[in-house]
Amino acid sequence: MNGRARGLRNLRAVLAPVAAGMCVMAAAAAVLVPALGSDEGNDERGGGASSPSATHRAYGPGSAPAAAGCTADHAAASLRPSSGGGPAVDRIKEKGQLVVGVDQNTYRWGYRNPATGKLEGFDIDLARAIAADILGPDAKVVFKAVPTNQRIPALQKRAVDMVVRTMTINCARKRQVAFSTSYFQAGQQVLAPKTSTVKAFDGSLRGKRVCTAAGSTGESELAAQRHGARVLTVPSQLDCLVRLQLGQADAVVTDNALAAAQAAQDPTVELKGEPFTDESYGVAMNKDDTDLVRRVNKVLDDYRGDGSPGSPWMRAYRTWLRADMPGISGPPSPEYSD
């Protein structure tokens with residue numbers, strides 16, 4: 001057995017059972033994270049062809065001009081909420097189901113529990129709440145796994161009704177799709193082994209292999225400032241954790257919310273430095289579906305409640321995120337553009 005094999009054996013020995021299950025899922029990404037292209041199997045598993053290649057960069061955060069009137073300080077502003085209907089809401093009701101693009105490989109947010117085979121997480125709870133509001137308590141939700149760099153194409157092609165997948169709102173993306181108000185506030189941060197010489201998003205990355213997901217804001221930040229790093233792009237952020245474990249990457253740049261979940265899976269890695277961006281997560285929809293945007297914003301108003309411990313948002317936070325991201329007192333306040 002060579003040194004790398006011994007190292008991997010030792011690493012896997014210390015991982016918790018859930019973490020081990022999630023790593024197996026990431027290693028089998030071609031099976032578990034299908035690209036959209038088929039409605040085969042109207043259930044939580046979705047369907048379609050194999051994932052896009054790791055080098056695909058179409059529809060990245062900087063690939064389109066900023067939306068007219070959008071500024072970085074107010075990118076998260078959205079349409080005012082309404083409980084009414086419209087073409088998009090009516091279309092969903094006629095189908096009798098809500099089709100949602102999600103992740104199934106990000107622990108705490110959207111992942112398939114290896115013990116039960118069910119999709120779970122903060123984003124999954126939110127998607128179910130939206131479906132229940134539009135279709136009633138017995139709403140049928142079809143979850144389709146969407147890689148990071150396929151979120152916008154999936155919406156533009158109407159392969160999904162919406163994407164609830166830790167998707168950062170920014171002006172470039174708002175040129176291509178519509179967003180709800182913000183439902184979570186995060187920031188880009190560096191993840192690396194505890195023993196690494198990497199200290200933060202700074203010169204300590206020089207000469208290091210830094211992994212990020214294609215089409216993510218992490219890729220955009222690294223394109224603007226690499227700090228001398230060699231950048232590796234993959235379809236999913238969990239693929240980056242596996243690359244770290246295999247010794248094929250030295251660090252990861254991703255949202256701190258996702259990095260905290262990865263650190264919970266693997267006790268040999270940790271967040272380095274401080275967050276260096278502000279990342280507001282929103283529900284993404286087709287740009288023409290303004291009635292659906294207003295309806296989702298109404299759901300989010302109810303979901304946030306008054307920020308009290310009994311609100312649905314706070315209950316979801318305690319269930320999925322508090323263990324890894326303690327100290328959050330409530331959801332972000334909505335901002336409206338009209």
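We count residues from 1, following the sequence as given.
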Note to self: Using the rule side-chain contact (heavy atoms from CB on, under 4.5 Å), only one of Thr148, Thr254, Thr233 pairs with Glu219; which is it?
What the structure shows: Thr233
Quick one, [X] and [Y] - any side-chain contact, counting heavy atoms below 4.5 Å?
| X | Y | value |
| --- | --- | --- |
| Ser337 | His74 | no |
| Asp123 | Asp103 | no |
| Asp239 | Val242 | no |
| Ser82 | Lys298 | no |
| Val234 | Cys211 | yes |
| Thr106 | Phe122 | no |
| Gln185 | Ser280 | yes |
| Lys194 | Val269 | no |

State the [atom1]-[atom2] distance between [X] and [Y], to the nearest 0.5 angstrom.
| X | Y | atom1 | atom2 | answer |
| --- | --- | --- | --- | --- |
| Asp161 | Arg91 | CG | CZ | 6.5 Å |
| Asp291 | Ile92 | CG | CD1 | 8.0 Å |
| Gln245 | Gln262 | CD | CD | 9.0 Å |
| Asp250 | Leu205 | CG | CG | 9.5 Å |
| Cys70 | Asn170 | SG | CG | 7.5 Å |
| Leu241 | Thr268 | CG | OG1 | 8.0 Å |

Check whether any side-chain N or O of [X] sits under 3.5 Å from a backbone N or O of [Y] as a donor-acceptor pair, and report yes or no.
| X | Y | value |
| --- | --- | --- |
| Asp255 | Ala257 | no |
| Arg151 | Val163 | no |
| Lys140 | Gly96 | no |
| Arg295 | Gly86 | no |
| His227 | Phe201 | yes |
| Asn256 | Ala186 | no |
| Arg80 | Asp338 | yes |
| Asn297 | Ser180 | no |
| Arg230 | Arg209 | no |
| Arg173 | Ile152 | no |

Margin query: Would you say CZ of Arg318 has more than 12 non-hydrogen atoms from neighbouring residues, nucleotides or ligands within 6.0 angstrom?
Written below: yes
Notebook entry, point to check: Is the CD atom of Glu335 crowded by more than 12 outside heavy atoms at less than 6.0 Å?
Noted result: yes
Could you tell me whether the side chains of [X] and [Y] share a donor-acceptor contact shorter than 3.5 Å?
| X | Y | value |
| --- | --- | --- |
| Asn286 | Gln156 | no |
| Glu120 | Tyr111 | yes |
| Thr277 | Gln188 | no |

Over all atoms of both residues, closest heavy-atom pair of [X] and [Y]:
| X | Y | value |
| --- | --- | --- |
| Val293 | Ser78 | CG1-OG, 3.5 Å |
| Ala251 | Ala192 | CB-CB, 4.1 Å |
| Tyr183 | Arg165 | OH-N, 4.2 Å |
| Ala127 | Val164 | CB-CG2, 4.3 Å |
| Ile130 | Val283 | CD1-CG2, 4.1 Å |
| Ala213 | Pro235 | CB-O, 4.2 Å |

I'd like a table of donor-acceptor pairs (distance under 3.5 Å, sequence neighbours excluded) in which one partner is a side-chain atom from residues 320-330, with atom names and distances.
{"residue": "Trp320", "atom": "NE1", "partner": "Asp125", "partner atom": "OD2", "Å": "2.8"}
{"residue": "Asp324", "atom": "OD2", "partner": "Arg108", "partner atom": "NE", "Å": "2.6"}
{"residue": "Asp324", "atom": "OD2", "partner": "Arg108", "partner atom": "NH2", "Å": "3.4"}

Next item on the list: Applying salt bridge (charged side-chain N to carboxylate O under 4.0 Å, His left out) between Arg304 and each of Asp302, Asp301, Asp306, report the one that passes.
Entry: Asp301
Notebook entry, point to check: What's the verdict on side-chain contact (heavy atoms from CB on, under 4.5 Å) for Leu292 and Ile134, showing C-alpha distance, side-chain angles and the deciding distance?
Noted result: CA-CA 10 Å; Leu292 184 58; Ile134 297 174; 3.9 Å; yes
Next item on the list: Using the six-membered ring wherever Trp is involved, compare the ring planes of Trp109 and Tyr281 and label them parallel, tilted or perpendicular (cut-offs 30° and 60°).
Entry: perpendicular
Note to self: Is there a side-chain contact (heavy atoms from CB on, under 4.5 Å) between Lys287 and Gln176? Walk through the geometry before answering.
What the structure shows: CA-CA 7 Å; Lys287 197 168 178 62; Gln176 304 169 84; over 6 Å; no
Next item on the list: Start with the C-alpha distance between Thr212 and Gln237, add both sets of side-chain angles, then the distance that settles side-chain contact (heavy atoms from CB on, under 4.5 Å), and finish with yes or no.
Entry: CA-CA 6 Å; Thr212 194; Gln237 287 294 354; 3.7 Å; yes
Check: For Thr166, which residues count as a side chain to side chain donor-acceptor pair (under 3.5 Å) partner, sequence neighbours excluded?
Finding: none
Note to self: Centroid separation under 6.0 Å, is that true for the rings of Trp313 and Tyr303?
What the structure shows: no
Checklist line | Derivation of the side-chain contact (heavy atoms from CB on, under 4.5 Å) call for Thr197 and Lys208 | finding: CA-CA 10 Å; Thr197 58; Lys208 303 295 187 182; 3.3 Å; yes
